[in-house]
Amino acid sequence: QKEVEQNSGPLSVPEGAIASLNCTYSDRGSQSFFWYRQYSGKSPELIMSIYSNGDKEDGRFTAQLNKASQYVSLLIRDSQPSDSATYLCACYSGNTPLVFGKGTRLSVIA
Amino acid sequence: KAGVTQTPRYLIKTRGQQVTLSCSPISGHRSVSWYQQTPGQGLQFLFEYFSETQRNKGNFPGRFSGRQFSNSRSEMNVSTLELGDSALYLCASSSGGGREQYFGPGTRLTVT
């Protein structure tokens, strides 16, 4: 059973701080990794994808992948109250459905 | 480029009825996946279609079915609705092969 684990939170950070969201996955064959943001009552929105070890930066977001440790993280710099949402981690390992974690709820306090 | 569209956005049905939900993927995307989302269970995978073929199926009863048309549009059907089927049903499209999935706005189904 392929699993993606995330701390459910809530993770509370003050405005302007760095939010660090973490995810571990069980399938060592996972190839593609995604972070989605989901506001309450809305559908998930893709914010980052990462395919190789290391860091990938996009604006205030940085995704980090460590395949040896089976670990993916998302850093949000200069966190804003509008970043308050649930963040879903997802992993793909070839010819199987995308596996989602249950999400981490982030609360940015003004 | 237009995003993923889903119709209807909201539905209220009675136990025992059936329902059909529709999804139009992003132009050029041939893969469509369906998910059920409830507060307690998170995102549960229903099925995935690629070029009109079901490629993967989740662990849901046979009351849940789907299909994909030659234009990549997809429908899912739930027969003999139960109260527990109340959920947000999400469709996501992708170009396939482990690439990014983009979600539609979802259909919120309430079964009374």
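Here is how names work: the chains are called A, B, and so on, in the same order as the sequence lines, proteins then strands, and each is numbered from 1. The figures here come from the full heavy-atom set of this structure, side chains too, leaving out hydrogens, waters and symmetry mates. The structure displayed is predicted, hence computed values, not measured ones.
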May I ask you to check whether A:S93 and A:D27 show a side-chain donor-acceptor distance below 3.5 Å?
->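 Checked: A:S93/A:D27 side chains pair up, N/O donor to acceptor below 3.5 Å.
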
Is the number of heavy atoms from other residues, nucleotides or ligands within 6.0 Å of CG (B:N59) greater than 12?
->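 Open.
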
Exam field: side chain B:S94 to backbone B:G96, donor-acceptor pair closer than 3.5 Å |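 Here the side-chain-to-backbone pair exists.
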
With distance as the sole test, does B:T112 use its side chain to make a donor-acceptor pair with the main-chain N or O of B:T14 at under 3.5 Å?
->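 Judged by distance alone, no pair lies under 3.5 Å.
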
Option in B:R55, B:E48, B:R99 with maximal non-hydrogen atom pairs under 4.5 Å from chain A =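 Among the listed options, the one with the most contacts to chain A is B:R99.
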
Under 4.5 Å, counting heavy-atom pairs only, tell me which of A:L88, A:T86, A:L46, A:V99 racks up the most with chain B.
->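 Most heavy-atom pairs within the cutoff with chain B belong to A:L46.
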
Side chain, backbone, both or neither of A:Q38 within contact of chain B (heavy atoms, under 4.5 Å) |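 The answer is the side chain of A:Q38.
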
Would you call the rings of A:F33 and A:Y25 parallel, tilted or perpendicular if under 30° counts as parallel and over 60° as perpendicular?
->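 Tilted, since the angle between the ring planes falls between 30° and 60°.
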
Contacting region of B:Q37 [heavy-atom separation from chain A under 4.5 Å] |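 It is the side chain, since no backbone atom gets that close.
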
Side chain from CB out, backbone as N, CA, C, O: work out which of these in B:F47 comes under 4.5 Å of a heavy atom of chain A, or both, or neither.
->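 For B:F47, no heavy atom lies under 4.5 Å from chain A.
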
